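Report on the structure given below.
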Amino acid sequence: MSKIKPRVFKGARDFLPEQMLHRERITDVMRKVFKKYGFSPIETPAIEYLDVLAGKYGEDADRLIYKLDYKPGTKDQAALHYDLTVPFSRVVAMNPDLTLPFKRYQIQPVWRADRPQPHQGRFREFYQCDIDAVGSKSMLIDAEMVAIAYEVLKTLGFTTFVIKINNRKILNGITQYAGLDSNMTQEVCRSIDKLDKMPWEEVEKELVEKQLPDAAIQKLGDLLTKNLSLESLAETLKNNSLAQEGISEINEIFGFLNELGVDSQHYTFDLSLARGLDYYTGPIFETKLKDQAHMGSLTGGGRYDQLIGMFTGKEMPAVGTTLGLDRIFTAMQQLGMLEPVKTSTKVLVAVFSKEEMKYSLQLASQLRTNQIATEVYPEPEKLKKQFAYADKKGIQFMAILGQTEIAENKLTIKDLSTGQQKMLDIQEAVKVINGEIGIEI
RNA sequence: GAGAUUGUAGCUCAGUCGGUUAGAGCGUCAGAUUGUGGUCCUGAAGGUCGCGGGUUCGAUUCUCGUCAGUCUCCCCA
């Protein structure tokens with residue numbers, strides 16, 4: 001019999017219980033927070049028509065869309081979705097009767113034909129956890145995006161994250177200020193975005209290579225190397241109405257964040273934040289970890305008031321952010337934030353013999369009635385083996401009932417983490433398992 | 001798409017200046033006389049040394065090619 005070598009698709013991964021239990025915990029936290037802010041779940045197909053996706057992200061990103069062989073070259077050509085924002089925009093365009101503002105969350109895998117770099121948290125298949133709101137121009141919604149990202153990361157136990165905030169209007173403004181044509185903004189932004197990784201001199205070189213006029217580069221350098229506060233930036237750009245608009249939006253967001261109780265240590269204005277995707281039009285945000293510089297951003301998003309109009313021809317304000325499950329998960333792994341777990345089972349009920357199995361099953365049923373995750377060892381093996389199983393799987397409690405216990409209508413409960421055990425009745429046992437009382441010997 | 005680097009047991013890695021049966025630790029499984037795990041002890045299973053060609057009496061070791069993994073750049077979650 002010939003064998004097929006088992007292998008996982010490059011850049012994709014299997015998740016075993018040890019990982020999935022953590023991943024589910026992370027998404028549970030997200031869902032809770034999302035709902036708390038009034039976002040409702042939706043789901044869209046993994047597969048879309050290519051023309052729905054193409055031309056929204058920018059030239060580089062468009063190349064990374066996973067195109068499928070289905071009707072290649074026609075307008076019905078299919079592709080795997082590259083993110084969740086564009087499919088969501090399609091949904092909004094197709095459902096004009098939605099009550100606005102419409103706030104949704106969406107947790108699904110997306111695909112990018114990229115070169116994987118696991119250490120940086122970069123994969124070809126990964127989960128995005130998106131929140132977006134359409135139908136409001138209020139900066140409160142933008143502020144909520146930041147507040148939600150903050151609350152999720154904080155709840156998960158991150159301490160060194162910073163949510164960087166900037167505004168495409170400011171970036172467009174400084175391009176104008178430097179005397180450049182507005183279609184250069186993308187190019188300029190792409191270089192500016194590297195300032196957190198390389199010094200200005202390097203970025204300057206790149207701009208020279210891109211053949212920008214020296215005078216323009218000079219002006220950009222003046223703005224970017226001085227680490228200007230919002231106030232002094234506003235002063236410098238006081239004649240540029242676009243930049244002014246962007247700056248006052250940021251100020252408005254900061255005001256809301258303050259009122260929402262978001263710790264100002266965890267967000268900051270960063271003129272060098274640019275973001276590569278084409279569809280952003282206003283405020284943009286991105287989260288980095290201070291102590292994990294190699295890791296890509298944990299979250300990223302912004303306002304995209306013109307994207308939905310690409311489907312409807314009518315402008316519709318929208319803002320959203322993505323929380324990157326795989327980035328968050330990878331960072332937590334690397335920072336040692338994840339306690340090893342193999343199971344969510346709390347109790348293993350031992351089985352002595354075929355005859356006594358029914359008592360074990362009755363006990364298991366009673367424990368489950370008390371909401372305790374319970375396993376029954378499936379056959380009457382040596383106790384030693386049943387203990388070893390519980391130990392290896394990290395099940396904390398062992399419930400033993402043989403003739404002695406059955407005769408007294410009790411059970412022996414053993415805490416494998418301490419080695420303590422005691423014969424108890426079921427009510428007491430439940431309390432011990434729930435940690436309400438200890439086992440006294 | 002450009003560059004760098006690595007491929008030996010399930011995992012982490014030794015090793016052979018080219019020479020009969022390629023090693024360790026961890027893990028797995030089984031024992032230490034049948035109601036108690038995690039420590040210790042004993043034993044076992046497990047490798048065409050990534051794949052293909054070349055040099056050689058002889059290659060896992062040298063060489064060329066190829067494939068795969070990893071890292072950096074680009075870009076992003």
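Numbers restart at 1 for each chain; the letters A, B, ... are given by sequence-line order, proteins then strands. Because the structure is a prediction, the values reported are computed rather than measured. The basis for the numbers below is simple: all heavy atoms, side chains too, and nothing from hydrogens, waters or symmetry mates.
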Would you indicate which nucleotide in [options] comes nearest to any side-chain atom of [X]?
X	options	value
D391(A)	G37(B), C74(B), A77(B)	G37(B)
R115(A)	U36(B), A77(B), G3(B)	G3(B)
T404(A)	G35(B), G37(B), A77(B)	G35(B)
K384(A)	A77(B), G69(B), A32(B)	A32(B)

Base, sugar-phosphate, or nothing for [X], non-hydrogen atoms under 4.0 angstrom?
X	value
Q403(A)	base
R112(A)	base
T299(A)	sugar-phosphate
Y389(A)	nothing

Donor-acceptor pair present, Q117(A) side chain and U70(B) base, under 3.5 Å: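 No, no donor-acceptor pair under 3.5 Å.
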With a 3.5 Å cut-off and just heavy-atom distances, do the side chain of E356(A) and the base of G35(B) make a donor-acceptor pair? no
Nearest-Å distance, CD1 (I65(A)) to P (C75(B))?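 Computing the I65(A):CD1 to C75(B):P distance gives 18 Å.
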Rounded to whole angstroms, how far apart are CZ on R122(A) and P on C71(B)? 11 Å
Does OP1 or OP2 of [N] have a side-chain N or O of [X] closer than 4.0 Å?
X	N	result
K10(A)	G69(B)	yes
K393(A)	G37(B)	no
K414(A)	U36(B)	no

Taking for each residue the nucleotide of RNA chain B with the nearest heavy atom, is it Y127(A) or I400(A) whose nucleotide lies nearer the 5' end? I400(A)
Does R124(A) or P118(A) map to a spot on RNA chain B nearer the 5' end, using the closest nucleotide for each?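 Closest to the 5' end, via its nearest nucleotide, is P118(A).
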For U63(B), give its Watson-Crick or G-U wobble partner with both distances under 3.5 Å, or none.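 G53(B) - that is the nucleotide pairing with U63(B), both distances being under 3.5 Å.
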Pair partner, G1(B) [Watson-Crick or wobble, under 3.5 Å]: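 G1(B) is paired with C73(B).
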Under 3.5 Å, is there a donor-acceptor pair linking the side chains of H81(A) and Q128(A)?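 Per modelled atom types, H81(A) and Q128(A) side chains form no pair under 3.5 Å.
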Assert yes or no for the condition that the ring centre distance of Y267(A) to Y150(A) is strictly below 6.0 Å.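 No, the ring of Y267(A) stays outside the 6.0 Å limit from the ring of Y150(A), centre to centre.
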Using the ring of each side chain (for Trp, its six-membered ring), is Y280(A) parallel, tilted or perpendicular to Y304(A), with breaks at 30° and 60°? perpendicular
